[in-house]
Amino acid sequence: MRVIGLMSGTSYDAIEAAAADLTLDGDTLLMRPLGHLSVPYADDLRALIGATLPPAPTTTEAVCALDTGIGQSFARAAARALDELCGGAADLVVSHGQTMHHWVEEGVVRGTLQLGQPAWIAEATGLPVVSDLRSRDVAAGGQGAPLVGMTDTLLLRGLPGVPAALNLGGIANITVVAPGAEPLAFDTGPANALLDAAVRHFTDGAAAYDEDGRRAAAGRTSPDLLKVLLDDPYYRRPAPKSTGKELFHLPYLLRALAAVPTPGTDDVLATLTRLTAVTVADACRAHGVTSLIVSGGGARNPVLMRMLGEEMPGVEMRPSDALGLPSDAKEALAFAVLGFLTVNGLPGALTSGTGARHATLLGSITPGAAPLRLPEPAARPPRLLRITDPAPAH
């Protein structure tokens, strides 16, 4: 089955589209990546997303405009992927949409909202679309995140020691696969969320992120600010757990800054980068991680990667590319896997990762141009993911 996966993370800078041929072979899922592309949001739409994200107030008019605008943007990305990556022929599109709110109270997820109306994607491509993949897990008592844990687990099984996969997006999440134990997946805390918010604030919007970590490299960690930030109760909660920009946003950072002697801008960025490294390292140590497979935008930040190495001496770190999954496309491919599992009648979330009462089929299906025909349900779920003959990246 040829599947297109679409993803936009909490940094909301672009839509990542990736395509792959997926086949079940016994207990192994075979994936042949066909390439990936990145489609930036239009400036006005990106500004509207930023203006609507928590803790900003909003209106149903803005939510409706976002649902349409994001859906149309995802549709254009899907159409490009269909043409440029798949030669015009595919079987399924899987759309994560854009997370606008992840409603958590006292560690319990009450609801989650990803916008991007899938009807636009189905209309643009003629293909069936699996979307809204998080809500069913939430309804079953789960966190609805991180859903990349299923693909990570299939990929990491069979690696020596205690391997883990780390994704550094707006929020950092980790999947740990220890021998003889159920896989574990959870959000460790902010990766780029606070960093990007700080850069936009201190530059009055002239810059969106700390390119190559240059300003963090020029600064020094503020022990006082780091202590205040690390005092957040989120870090002490046991997994499974999830978080987002509903907690880690600019007002949160400004409150922390008001509680300590004022550090310089570069020192703030150095401290926020160190915060990510420390919280990831604490999570890895707590679960005995011996090797780390890294992906996401933060993997391109050499200062963050250096700090991770300083906090975890002796832990081998490799990009997910080393295992055949392009770092920039990994989440889009992970959601392609989840949609593939859904249409084959297989659950897509790990109960040990999300905390759900039972494993569920994820998502809702929007028919394409033709009548909806699903494959016969698969006999059993896969245990391993094997990457075969990846095509060159686009």
Side-chain angles (χ1 to χ4, degrees), residues 1-8 15-24 29 31 34 66-68 70-82 85-86 88-100 111-140 142 144-151 154 331-351 354 356 358-382:
M1 179 178 287
R2 182 160 292 181
V3 185
I4 296 168
L6 303 172
M7 174 72 192
S8 176
I15 298 163
E16 307 302 328
D21 289 332
L22 294 166
T23 308
L24 280 170
L29 176 61
M31 173 191 286
L34 300 174
L66 282 170
D67 197 34
T68 294
I70 294 169
Q72 291 171 335
S73 298
F74 270 67
R76 286 189 288 271
R80 277 191 56 188
L82 180 61
L85 306 180
C86 302
D91 302 296
L92 181 71
V93 179
V94 187
S95 175
H96 172 269
Q98 180 66 58
T99 295
M100 296 303 299
T112 188
L113 179 65
Q114 287 75 43
L115 295 183
Q117 173 54 242
W120 295 100
I121 303 171
E123 189 66 21
T125 62
L127 299 174
V129 182
V130 179
S131 62
D132 192 21
L133 289 110
R134 298 188 186 274
S135 293
R136 183 64 183 277
D137 185 76
V138 171
L147 292 186
V148 72
M150 173 64 80
T151 304
L154 296 176
E331 282 201 300
L333 288 170
F335 278 91
V337 167
L338 294 183
F340 173 84
L341 293 176
T342 292
V343 298
N344 281 278
L346 296 169
L350 300 165
T351 56
T354 69
H358 54 86
T360 60
L361 273 68
L362 302 180
S364 300
I365 302 176
T366 302
L372 185 62
R373 292 186 174 88
L374 299 179
E376 284 293 315
R380 61 183 186 274

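Fair warning: this is a prediction, and the values are worked out from it, not measured in the lab.
Asp67 CG to Ile70 CD1: the interatomic distance, rounded to the nearest 0.5 Å, is 7.5 Å. Within the model, atoms OG1 of Thr23 and CG of Leu29 stand 8.0 Å from one another, a figure rounded to the nearest 0.5 Å. Summarising the geometry, atom OG1 belonging to Thr342 is positioned 10.0 Å from atom CZ belonging to Arg136; distances are rounded to the nearest 0.5 Å. The OG atom of Ser131 sits 11.5 Å away from the CG atom of Leu362 when rounded to the nearest 0.5 Å. Taken to the nearest 0.5 Å, the CG atom of Leu115 stands 10.0 Å off from the CG atom of Asp132. In this structure, Leu133 CG and Leu361 CG are separated by 10.5 Å, a value rounded to the nearest 0.5 Å.
Residue Gln72 qualifies as enclosed at atom CD: its count of foreign heavy atoms under 6.0 Å is above 12.
Nearest heavy-atom pair, Cys86 versus Ala19, reported as atom, atom and distance to 0.1 Å: SG-CB, 3.5 Å. For Arg380 against Leu346, the heavy-atom pair with the smallest separation is C-CD2, 3.9 Å. Across Gly368 and Ala122, no two heavy atoms sit closer than the pair CA-CB, 4.4 Å. Nearest heavy atoms, Ala336 versus Leu22: O-CD1, 3.9 Å. Residue Gly144 comes nearest to Thr354 through the heavy atom pair N-CB, 4.3 Å, listed as atom of the first residue, atom of the second, then distance. Of all non-hydrogen atoms in Phe74 and Ser8, the two that sit nearest each other are CZ-CB, 3.8 Å.
Looking at Ile4 and Leu85, their side chains never come closer than 4.5 Å, going by heavy atoms from C-beta outward. For the pair Gln114 and Arg134, the minimum side-chain heavy-atom distance is below 4.5 Å. Under the 4.5 Å side-chain criterion, counting only non-hydrogen atoms from C-beta, Leu127 is not in contact with Val129. Looking at heavy atoms from C-beta onward, Ser135 lies in side-chain contact with Thr112 at the 4.5 angstrom threshold. For the pair Leu374 and Pro128, the minimum side-chain heavy-atom distance is 4.5 Å or more.
By the salt bridge (charged side-chain N to carboxylate O under 4.0 Å, His left out) test, Asp21 pairs with Arg2, Arg32, sequence neighbours left out. Scanning for ring pair (Phe, Tyr, Trp, His ring centres under 6.0 Å) contacts around Phe335 gives His96, with sequence neighbours left out. Contacts of Pro375 classified as side chain to side chain contact (heavy atoms under 4.5 Å, CB included), with partners at least two apart in sequence or in another chain: Met1, Val343, Asn344. In terms of the salt bridge (charged side-chain N to carboxylate O under 4.0 Å, His left out) criterion, residue partners of Arg80 (sequence neighbours excluded) are, by chain and number, Glu84. In this structure, Thr125 has no side chain to side chain donor-acceptor pair (under 3.5 Å) partners at least two apart in sequence or on a different chain. Taking the side chain to side chain donor-acceptor pair (under 3.5 Å) definition, one finds that Asp91 meets it with nothing, sequence neighbours left out.
Formation of a donor-acceptor pair under 3.5 Å by the Ser95 side chain with backbone atoms of Leu6 is not found in this model.
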